[in-house]
Number of protein chains: 2
Amino acid sequence: MKVLIVEDDQFHATYLQEALAEALPEVTEIFHAADGAAGEEEARQGEIEAIVMDLQMEHRNGIEAARTIWAERPQSRILFWSNYADDAYLRGIAQVVPEESAYGYVLKTASRDRLKLALRAVLVEAQIIVDREIHRLQKRGTAPRTRLDDSEFDVLIDLALGLQDKSIAERRGMSLRTVQNRLLSLYDKLGVSSDLDEHLTLNKRVRALNRALATRTINIETLEAAQRDLKTWLAGRR
Amino acid sequence: MKVLIVEDDQFHATYLQEALAEALPEVTEIFHAADGAAGEEEARQGEIEAIVMDLQMEHRNGIEAARTIWAERPQSRILFWSNYADDAYLRGIAQVVPEESAYGYVLKTASRDRLKLALRAVLVEAQIIVDREIHRLQKRGTAPRTRLDDSEFDVLIDLALGLQDKSIAERRGMSLRTVQNRLLSLYDKLGVSSDLDEHLTLNKRVRALNRALATRTINIETLEAAQRDLKTWLAGRR
DNA sequence: AAAGCTGTTGCGGGTTCCCGCAAATATTTT
DNA sequence: AAAATATTTGCGGGAACCCGCAACAGCTTT
C-alpha cells in the first residue's frame, strides 16, 4: 500500500512518517510532497489513493489539492491533519468531498494514539472520522447561536468580499429584499449587535465579517478562495 | 546563561533546543513553556532575560507575553520565531518593545544557520535583527501601495471592529470629517477600488477590512486584541 | 514676509444600508 | 384539502456612508 504525505513542515512530516510506519504495517511506500500543487502531482503520478494532507500550505492549500485529487480519483481516502479547528475548514472539506469517498480530520495536537487510530480508520478502513475536539469549538466566546445554513453562508461570503446588496442579489439569484433578509439573520446568528456596549451602534456589515472571523466561521484562506471564485464568475457573465 | 523557550509545538520546541545548544555553548539551562501565560510565569520565576518566543499560541500569544515580560524586565532579549511574515506581528512587536531592549524576528522556515545566527545576535549580543524575508512580503498580490502610518492604522483598527465614523472620531479625538479623510487614504492605500472588476462598486468598509487581511496588514489576533482594548476604553469613559 | 504644502474641518447631496410593514408565495402540519 | 407557518418580495424612510468643494491652520520653502 502506498501513502502520500502532503505537509510543508519538515518536523511534522517526519513525525507523521513515523506514526504511519507504526500504525500501518501494510504500508510499503511513503511519498512526500511539500505543498498542494506537488501533492496533486505526486498523487497523479503514483496513482496513490491514501493521503495525509496538511491544510495550510503555500501555493495551493489542502482543500484545493483535495478537490483536484478527488476529481481525478473520487475513491481516494484523505486524512486532513491541521493545526486549527476552524469551522471554515470543515465547510470547505464538506464542499469538495465526493459521495463515495472516505476522509478524516485530525488536529495536530491530537495524541499519537488518536492519530494512529485515524490513520487506520480512514486510509485502511475507509471510514469517515472527525476529531471530536473540532466540534467543541463552540466554546469560543460568543460562537454563532446557530450554525449558518448554506444560503446564509453564501451571502456571508459575498458580504465579506465587499459586494453590495444588489450584486449579491444578482450573483445568487435572489431579490434585493431577500438578500437583506439573509443579512438580518446573519447579523442575528453571528451576534453582531449583542456583545459590546449596547449603547454603541456598529456598522453591521463590518461587524458581521469581524464576528465571522472571530468565531472561525470563515478564515483568510476562505476569503482568498472566494475571491478567486468571484473573479471567474465575473469573467463568465461578461 | 539561562534561556527560556516559549513554544507550543513540541517538535519545534525540541528543534529549537538543539539549535540553541549548538549555537550558544554558554547556555547552561534551558527552560520551556508551552503557552504565553506559562512563559510569563517562567520568566518571572527564573529571572530569565533571554527568551525565544513563538507568536501564535493559546491563552496569551507571544506579543502579549512579551509585553508583560518587558514591563517587568525591560532589558530582556526576546527572539520571536514565527510561521508567518505578517506585517501585523511586526506592528504589534514594535508597539511593545521598550527602548533599551533587543529583539529579533525569524521565520520558522529560515535555515538552521540563520536561526543560529539570530540566536547569537539577539540573545548574546543584544542586537536587533529582523529576517529579511519579512520585508519581502510586499509581493502579496496587491500589497498596500504605501505603508499605513500610525493614525491610519488606528482608524483601520476601529473600522475593523465595526465602529462607525462618529465613534471613531470620538475615540481618537478627531473630527468626523478627518476620520473620513483617513478612511479615504486607507481605501486608497489598501487598493480598495483598484482590483476586481471596475464596473463593480463595492462596500468600501468591508472591502478595506478584506484587503487589510489579505495583505497581512492585520490578522485575526490583531482584531481580538483590539477588541479587548476597545472594551476597556468603553469601560473607562462611562 | 509671501508663497507654497499638507492636514483639518464644515457643508451638502447622492448612494447604500437597515429594517418595519404588509401582501404574495411556498412549505409544513393537521 | 385546509390551516398554520415560514419565506420571499416590494415599498418607504431614517441613518450612515462616501466624497467634492472650499475655508483654515500650521509648516516649510524661497
Side-chain angles (χ1 to χ4, degrees), chain A residues 144-212 230, chain B residues 144-212 230:
Chain A
R145 314 178 184 305
T146 314
R147 202 151 185 288
L148 306 184
D149 66 35
D150 289 343
S151 91
E152 285 161 347
F153 190 76
D154 288 344
V155 171
L156 171 60
I157 292 295
D158 288 352
L159 175 148
L161 289 173
L163 297 187
Q164 40 189 84
D165 298 1
K166 189 154 48 92
S167 312
I168 301 177
E170 187 187 346
R171 184 176 188 197
R172 303 295 179 186
M174 310 186 232
S175 84
L176 223 201
R177 194 59 180 81
T178 301
V179 170
Q180 296 174 328
N181 281 339
R182 291 281 143 73
L183 288 174
L184 286 192
S185 65
L186 261 185
Y187 297 158
D188 179 42
K189 288 188 179 173
L190 291 172
V192 160
S193 30
S194 75
D195 71 335
L196 233 44
D197 190 311
E198 67 275 8
H199 300 297
L200 196 66
T201 53
L202 302 159
N203 181 305
K204 311 246 167 146
R205 300 202 140 217
V206 171
R207 191 67 191 162
L209 175 49
N210 183 313
R211 299 285 309 139
L230 173 61
Chain B
R145 312 179 185 306
T146 315
R147 203 151 185 288
L148 306 184
D149 65 36
D150 289 342
S151 90
E152 284 161 348
F153 190 77
D154 288 344
V155 172
L156 171 60
I157 292 295
D158 287 353
L159 175 150
L161 289 174
L163 297 188
Q164 41 190 82
D165 297 1
K166 191 153 49 91
S167 313
I168 301 177
E170 187 186 348
R171 183 174 188 199
R172 304 295 180 185
M174 309 187 234
S175 84
L176 223 201
R177 194 58 179 80
T178 301
V179 170
Q180 295 174 327
N181 280 339
R182 290 282 141 73
L183 288 173
L184 287 190
S185 65
L186 261 185
Y187 297 157
D188 180 42
K189 288 188 180 173
L190 291 172
V192 160
S193 29
S194 76
D195 72 334
L196 232 45
D197 191 310
E198 67 275 8
H199 301 296
L200 196 67
T201 53
L202 302 160
N203 181 304
K204 310 245 166 148
R205 300 202 140 219
V206 172
R207 191 68 192 162
L209 175 50
N210 183 313
R211 298 287 308 138
L230 173 61

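Lettering of chains follows the sequences in order, A, B, ..., and the numbering in each one begins at 1.
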Review point. Under the 3.5 angstrom rule, does the side chain of A/Arg207 hit a backbone N or O of A/Leu202 as a donor-acceptor pair?
Key: no
Study note, to complete from the structure: Contacts of B/Leu176 and B/Leu202 projected onto DNA chain C by closest heavy atom; the upstream (5') one is B/Leu176
**Study point:** A/Gln180 or B/Val179, whichever maps to the more 5' nucleotide of DNA chain C
**Key:** B/Val179
Practice item. With rounding to the nearest 0.5 Å, note down the distance linking OG in A/Ser185 to CG in A/Leu190. Key: 9.0 Å
**Study point:** Gap between atom CG of A/Leu156 and atom NZ of A/Lys189 - 0.5 Å precision
**Key:** 11.5 Å
Check your understanding: Any side-chain heavy atom of B/Leu163 sitting closer than 4.5 Å to one from A/Leu200?
Key -> yes
What is the distance, rounded to the nearest whole Å, between atom [atom1] of [X] and atom [atom2] of [N]?
X        : N      : atom1 : atom2 : value
A/Asp188 : C/dC19 : CG    : C1'   : 14 Å
B/Asn203 : C/dT16 : CG    : P     : 11 Å
A/Arg177 : C/dT16 : CZ    : P     : 17 Å
B/Lys204 : C/dT16 : NZ    : P     : 11 Å
A/Arg182 : C/dC19 : CZ    : P     : 16 Å

Exercise for review: Could you list where the contact with chain B starts and ends along DNA chain D, reading 5' to 3', using a 4.0 Å heavy-atom cut-off?
Suggested key: D/dA16 to D/dC21
**Study point:** N or O in side chain of B/Thr178 less than 4.0 angstrom from C/dT8 OP1/OP2
**Key:** no
**Study point:** Test side chain to side chain contact (heavy atoms under 4.5 Å, CB included) applied to A/Glu152 and A/Asp149, step by step
**Key:** CA-CA 5 Å; A/Glu152 285 161 347; A/Asp149 66 35; 3.5 Å; yes
**Study point:** B/Arg177 and B/Asn181 side chains, donor-acceptor separation under 3.5 Å
**Key:** yes
